[in-house]
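Only one structure is covered here, and it is reproduced in the block below.
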Amino acid sequence: MGLPIRSCIACRKRENQIDLLRVVRSGGRVLPDPTKQMNGRGAWLHPHCVEMAINRRAFERALKSEEILDISEVLKFVEGSSN
Ligand SMILES: [Zn+2]
């Protein structure tokens with residue numbers, strides 16, 4: 001038993017799901033999913049790993065996109081919740 005474990009798509013560290021932010025792909029955009037219940041292909045990462053994920057194109061890899069995804073909503077969410 002225990003909490004569900006997921007790997008951060010940026011740093012690859014395994015982490016309890018509750019400590020990671022879930023994001024989902026919606027077309028060409030990536031949206032934050034704080035409820036962890038949105039439909040669609042999801043990925044998990046530490047909120048502080050967003051920049052690393054961008055640099056490594058981890059969103060595109062994890063969400064199976066051949067095009068660069070728009071992650072502005074995720075950035076807004078992370079910046080807003082860190083204050
Ligand atoms: Zn991480």
Side-chain angles (χ1 to χ4, degrees):
M1 290 301 287
L3 293 165
I5 302 290
R6 294 287 183 275
S7 292
C8 172
I9 60 171
C11 70
R12 313 302 295 183
K13 189 171 174 242
R14 289 164 62 78
E15 194 74 79
N16 288 330
Q17 187 174 290
I18 53 170
D19 293 325
L20 298 174
L21 171 66
R22 183 174 188 257
V23 298
V24 295
R25 179 180 169 191
S26 174
R29 303 164 73 208
V30 185
L31 305 176
D33 176 21
T35 68
K36 305 185 187 342
Q37 291 176 345
M38 285 173 66
N39 290 324
R41 182 180 286 279
W44 299 79
L45 76 163
H46 296 109
H48 62 260
C49 283
V50 169
E51 295 287 344
M52 192 195 302
I54 295 168
N55 292 336
R56 295 185 175 185
R57 297 195 178 174
F59 290 105
E60 289 77 12
R61 193 170 55 233
L63 299 170
K64 313 287 186 203
S65 175
E66 294 178 1
E67 297 175 5
I68 298 296
L69 296 167
D70 176 358
I71 50 95
S72 57
E73 292 297 321
V74 175
L75 279 175
K76 248 186 273 178
F77 178 84
V78 170
E79 286 164 6
S81 57
S82 65
N83 291 328

Is any side-chain heavy atom of Ile54 closer than 4.5 Å to a side-chain heavy atom of Leu75?
yes
Could you tell me which non-hydrogen atom of Glu15 sits nearest to which non-hydrogen atom of His46, and how far apart they are?
OE1-NE2, 2.7 Å
Whether Arg6 side chain and Gln17 backbone form a donor-acceptor pair below 3.5 Å:
no
For side-chain contact (heavy atoms from CB on, under 4.5 Å), just list the numbers for Phe59 and Ile9, CA-CA rounded to whole Å, side-chain angles, deciding distance to a tenth of an Å, and then say yes or no.
CA-CA 7 Å; Phe59 290 105; Ile9 60 171; 3.8 Å; yes
So does Gly27 get a backbone contact from the side chain of Arg25, meaning a donor-acceptor N/O pair under 3.5 Å?
yes
Do you know the tightest heavy-atom contact between Ser26 and Leu31?
CB-CD1, 3.8 Å
Give, for atom CZ of Arg12 and atom CZ of Arg56, the distance between the pair rounded to the nearest 0.5 Å.
9.0 Å
Specify the closest pair of heavy atoms between Ser7 and Arg14, including all atoms of both residues, with the distance to one decimal.
OG-CG, 3.4 Å
Please examine the side chains of Arg22 and Val24, heavy atoms only from C-beta on, and report whether any two atoms are closer than 4.5 Å.
yes
Side-chain touch Val74/Leu21, heavy atoms, less than 4.5 angstrom
yes
Just by modelled atom types, is the Ile5 backbone N or O under 3.5 Å from a matching donor or acceptor in the Asn16 side chain?
no
Using every non-hydrogen atom in the two residues, find where Pro47 and Val78 come nearest and quote the distance to one decimal.
O-CG1, 3.5 Å
Would you sort out whether Leu20 and Leu45 count as a side-chain contact (heavy atoms from CB on, under 4.5 Å), showing the intermediate values?
CA-CA 5 Å; Leu20 298 174; Leu45 76 163; 5.6 Å; no
Rounding to 0.5 Å, atoms OG (Ser65) and CZ (Arg29) come to a distance of 14.0 Å
Minimal non-hydrogen separation, Cys49 against Ala10, with atom names
O-CB, 3.6 Å
Asn39 atom CG: more than 12 heavy-atom contacts under 6.0 Å:
no
Shortest non-hydrogen contact between Val23 and Pro32, atoms and distance:
CG1-CA, 4.2 Å
Report yes or no: does Glu60 contribute a side-chain atom to a donor-acceptor pair with the main-chain N or O of Leu69 at less than 3.5 Å?
yes
Is there a chain of hydrophobic side chains (I, L, V, M, F, W, Y, each step under 4.5 Å between heavy atoms) that links Leu63 to Phe77?
yes
